[in-house]
Amino acid sequence: IAELSAIEACLDHMLDEGRGVEIPRGAEIRLALDCRSAIEALARGPGNQRGQLEQRVWEALSALVRRHEAHITVQYVPGHVIAGSEVGGG
């Protein structure tokens, strides 16, 4: 799933302390996704991931929680919707 690759890249960026991303202890982090299949994959939990990509995403999520005592929420957001209005692609 391409969306999980993007999530992994984002989490890796957040975990790379050399990039200047500061995450305060106890931070509230919200991952807003428009891909139900990615959310469903993550919802199976860390021990029930089917692929290596899903496992790596869970490892990165766990690392954020451990390092920063972060609280992470994954939220579904319908694609192409901004403030309740449909945004068309053409």
Side-chain angles (χ1 to χ4, degrees):
I1 298 175
E3 289 80 0
L4 286 173
S5 293
I7 294 166
E8 180 184 31
C10 176
L11 294 171
D12 287 347
H13 182 81
M14 293 173 73
L15 288 166
D16 185 352
E17 295 175 6
R19 293 189 183 196
V21 177
E22 291 188 33
I23 301 171
R25 188 157 304 287
E28 296 282 333
I29 299 171
R30 182 176 312 264
L31 300 176
L33 308 175
D34 68 350
C35 179
R36 289 185 192 265
S37 60
I39 294 170
E40 289 167 0
L42 294 175
R44 287 193 289 268
N48 296 312
Q49 296 305 310
R50 296 180 182 146
Q52 291 181 354
L53 176 60
E54 292 91 341
Q55 291 172 1
R56 290 193 310 266
V57 169
W58 263 105
E59 288 168 7
L61 289 168
S62 297
L64 275 174
V65 170
R66 280 192 314 272
R67 285 188 198 174
H68 303 285
E69 297 177 15
H71 179 263
I72 300 172
T73 302
V74 178
Q75 176 182 355
Y76 174 72
V77 179
H80 307 292
V81 176
I82 299 174
S85 301
E86 290 266 340
V87 176

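In this text the structure is predicted, and so the values were computed from the model without any measurement. Only heavy atoms go into these numbers, but all of them, side chains included; no hydrogens, no water, no symmetry mates.
- To the nearest 0.5 Å, the span separating NE2 on His13 from CG on Leu11 amounts to 11.0 Å.
- Annotation: side chain of Asp16 is not in contact with side chain of Val21 (no heavy-atom distance under 4.5 Å).
- Nearest heavy-atom pair across Val77 and Ala32 is CG2-CB, 3.6 Å.
- No more than 12 heavy atoms of other residues, nucleotides or ligands sit less than 6.0 Å from atom CZ of Arg30.
- Annotation: Gln52, atom CD; neighbour count of heavy atoms from other residues, nucleotides and ligands within 6.0 Å does not exceed 12.
- The two residues Gln49 and Gln55 come nearest to each other via the heavy atoms O-NE2, 3.6 Å.
- Within 6.0 Å of atom CD in Glu22, 12 or fewer heavy atoms from other residues, nucleotides or ligands are found, so the atom counts as exposed in its surroundings.
- Not counting sequence neighbours, the partners of Val65 by the side chain to side chain contact (heavy atoms under 4.5 Å, CB included) test are Ile72.
- Applying the salt bridge (charged side-chain N to carboxylate O under 4.0 Å, His left out) test to every pair with at least one member in residues 50-67, sequence neighbours left out, gives these pairs: Glu8-Arg56, Glu17-Arg67.
- Taking 4.5 Å as the limit, some side-chain heavy atom of Leu61 sits within range of a side-chain heavy atom of Leu31.
- Put simply, CG on Leu4 and CG on Leu33 are 8.0 Å apart, with the number rounded to the nearest 0.5 Å.
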